[in-house]
Colleague: 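Can you keep this structure in mind? I'll have questions shortly.
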Number of protein chains: 2
Amino acid sequence: MNNQGRTAGLPTLEDVARQAGVSTATVSRCLNNPAQVTEATRARVMEAVEKLRYTPNFGARALAARRTNTYGAVIPTMENAIFARGVQAFQDALASIDSTLLVASSNYEASVEESQIRNLVARGADGLLLIGADRDPAIYDFLAERGIPVVLAWAIGNQPGVSFVGFDNEAASRKLAEKALKLGHRRIAYISAQSIHNDRARARVEGVRAAMKAAGLDPQSLRLVETHYSIKRGKAAFHTLMEGEDRPTLVMCGNDVLAVGAVMAAREMGIDVPGDVSVTGFDDIEIATVVSPPITTVHVPHRKMGNLAAQALLRQTLEGKPPETICLETEIAERASLGPVG
Amino acid sequence: MNNQGRTAGLPTLEDVARQAGVSTATVSRCLNNPAQVTEATRARVMEAVEKLRYTPNFGARALAARRTNTYGAVIPTMENAIFARGVQAFQDALASIDSTLLVASSNYEASVEESQIRNLVARGADGLLLIGADRDPAIYDFLAERGIPVVLAWAIGNQPGVSFVGFDNEAASRKLAEKALKLGHRRIAYISAQSIHNDRARARVEGVRAAMKAAGLDPQSLRLVETHYSIKRGKAAFHTLMEGEDRPTLVMCGNDVLAVGAVMAAREMGIDVPGDVSVTGFDDIEIATVVSPPITTVHVPHRKMGNLAAQALLRQTLEGKPPETICLETEIAERASLGPVG
DNA sequence: TTGTAAGCGTTATCAC
DNA sequence: GTGATAACGCTTACAA
């Protein structure tokens, strides 16, 4: 029913203080600022803590200290590995300074994301990790108003007042497209995530268009399909693209999950990859190497990004430093799904 | 630096009360027990809440109400999809009653799990979701002492005082082994997770041994390799098993991640699956269908399990009901990786 | 170095 | 139905 009330007779600071024969202030210091206390009294206090199995009450602590040592992250999805590694690294970095991460997922829905953000703020998050920059400006106002530091990852942008730790989605996508164009591909299709509220998705498409333009192709000739991120949707989109006349020789995908769907669909349809059609992904998550042929994709340094995002956020919350922008390099992971045009 | 302090001038209950011309008590009632308040005053209060963009302070609330509406989950890993779907379902169920889930991962390490549990408790978790039953009894004492309801998922056991929402790992594994034995397999190997502190892993191995025994085989002839759960480790284990003389005709795996590793290793080694050797998994996560051949595995109803686990936990925390045990059915997902013995 | 005591922002128990 | 007011358990000036 409740957990920390006296109903269960949980020990409080006062109990510990009494047991150790000191004041509550001293006990508090032992726990938060051991340096301020003599070795002897600290030993005595710690003994009491052990004996009583004392655990500090989070609510009381947050209330008094006006700080929770809790951070929040809202990611689009937990169901595939896209964000898992990065968030794990972020969490590890926080854990190393005894802070906790609350993770929520928005299912790629703006309204859900907004309520998750409010929720995390209400729960006293000291700082927030969000993905991408594309959201209602009111949200940034809300956060700025309460002085909550924010780091935006997986992208680079120019939202004032927040940190960015990400990479250049457009450039990465362009580089991959250029490689494909050099292999002779001209009829190109792209399976993208819904681009609304998704700056990463849009930038990736734009990168391809830029490469096409630079190669003298009409960027508007890019055949674009937008869908949700899932293997199933990737399959369906690939079907759609391959059913018509004038099949593309290259199907680029907004992420590896879609690309895996595309490759699986190709196999089901008896289409050879990369013989009949090449496929590319984005992210370089494990599944990209599991499917056959393995997928040529953009390698994103997820771990590093998560770790650096945490560092950047902590510099803001703990040291009061201003927001900063860190742009990471990506590289192309060359595998078998991309080959020269038929 | 801090987020809810007056530094940012955040509105408090008192501000709202003043604005609406009522007492703080009335504002509190409007928020928590609207029925106790007249329609008229409530309207006035809500208006003030809107105007001030008031958000209740979590710490203060937790302190006064002795309840956080926050639940905790400690799962072995977030890096693959094994627990993702179940936890997502658990979280969805909590979200529907405005409660929040804090997720932590232990990396399959008992000591890490213990500290995560303490951490969640310290943060005021009203209840806990843990995986499996195999842990230091002192942890259960600790939890019972503070009256924190616990639900154990992914397994069934007999730990008193806690709920179980899971399935019979041994029976599921046995059923799969029986099916394989019927196909003529006699030289069997098993790639398992570390079995220490992992009742699910042990039960799955035992299920296979039971099937062997029932089929007149010596259970001790099962070639067992224990390793960490990862594709890489699965590959390595498969290599080890296949390098020696007297290769097995069937390699069963403790989960799909290991099985994917096994199938990939087979391909690399030029070993045909299931022609030369059959492979099975456990869990039925998406990756099992991505690899080729797709993996025959035990389908676990993750979503359902997560949802029912939440229900069971809420019955304890909200309604004060006693712990309960719910055993779900699993079934075999038949795919191409298991075939008759060569 | 240690103690005293004033908050921190809610909820809940009384009266009215 | 509403308003005072006493907790809730901790942190942190300020004193000693």
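In what follows, chains are A, B, ... by sequence order, proteins preceding strands, each numbered from 1. Reckoned from all heavy atoms, side chains included, excluding hydrogens, waters and symmetry mates.
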Colleague: Under a plain distance cut-off of 3.5 Å, with no hydrogens placed, do A:Gln88 and A:Asp92 share a side-chain donor-acceptor pair?
Modeller: yes

Colleague: Give a yes/no answer on whether the side chain of B:Thr41 brings an N or O atom under 4.0 Å of OP1 or OP2 in D:dT2.
Modeller: yes

Colleague: Among residues at least two apart in sequence or on other chains, which ones pass side-chain hydrogen bond (donor to acceptor under 3.5 Å, both in side chains) with A:Arg29?
Modeller: none

Colleague: Nearest whole Å is fine: how far is C:dT11 C1' from B:Asn57 CG?
Modeller: 13 Å

Colleague: Please examine the side chains of B:Glu324 and B:Phe164, heavy atoms only from C-beta on, and report whether any two atoms are closer than 4.5 Å.
Modeller: no

Colleague: Quick one: is D:dT11 close enough that its OP1 or OP2 comes under 4.0 Å of any side-chain N or O from A:Arg66?
Modeller: no

Colleague: State whether B:Phe142 and B:Arg118 meet the cation-pi test: NZ (Lys) or CZ (Arg) under 6.0 Å from the six-membered ring centroid, and within 45° of the perpendicular axis.
Modeller: yes

Colleague: Of the nucleotides C:dG7, D:dG3, D:dT12, which has the atom closest to the A:Ala64 side chain?
Modeller: C:dG7

Colleague: With nearest nucleotide decided by heavy atoms, which residue, A:Tyr54 or B:Ser23, maps closer to the 5′ end of DNA chain D?
Modeller: B:Ser23

Colleague: Between the protein and nucleotides 14-16 of chain D, list every N/O to N/O distance that falls short of 3.5 Å.
Modeller:
none

Colleague: Would you call B:Glu47 and B:Arg44 a salt bridge, using N to O less than 4.0 angstrom?
Modeller: no

Colleague: Does anything in residues 112-133 of chain A pair up under ring pair (Phe, Tyr, Trp, His ring centres under 6.0 Å), and if so which pairs, sequence neighbours excluded?
Modeller: none

Colleague: Would you be so kind as to tabulate the donor-acceptor pairs closer than 3.5 Å made by side chains of residues 102-110 of chain A, with sequence neighbours excluded?
Modeller:
residue	atom	partner	partner atom	Å
A:Ser106	OG	A:Tyr108	N	3.3
A:Asn107	ND2	A:Glu109	OE2	3.3

Colleague: My understanding is that only one of A:Thr317, A:Thr100, A:Asp126 makes a side chain to side chain donor-acceptor pair (under 3.5 Å) with A:Tyr71; could you say which?
Modeller: A:Thr317

Colleague: The side chain of B:Thr24 lies closest to which of these nucleotides: D:dT5, D:dG9, C:dT4?
Modeller: D:dT5

Colleague: What is the distance, rounded to the nearest whole Å, between atom CD of B:Glu14 and atom C1' of D:dA4?
Modeller: 12 Å

Colleague: Determine the contact category for A:Thr26: base if any of its heavy atoms lies under 4.0 Å from a base atom, sugar-phosphate if only primed atoms, P, OP1 or OP2 are that close, otherwise nothing.
Modeller: sugar-phosphate

Colleague: Applying side chain to side chain donor-acceptor pair (under 3.5 Å), which residue pairs with at least one partner in residues 148-166 of chain B are found, sequence neighbours left out?
Modeller: B:Ser163-B:Gln316

Colleague: Need to verify one output field. Residue with the more 5' nearest nucleotide on DNA chain C, B:Leu13 or A:Arg42?
Modeller: A:Arg42

Colleague: Strictly below 4.0 Å, heavy-atom distances to any atom of DNA chain D: list the hits from residues 31-40 of chain B, or just say none.
Modeller: B:Gln36, B:Val37, B:Thr38

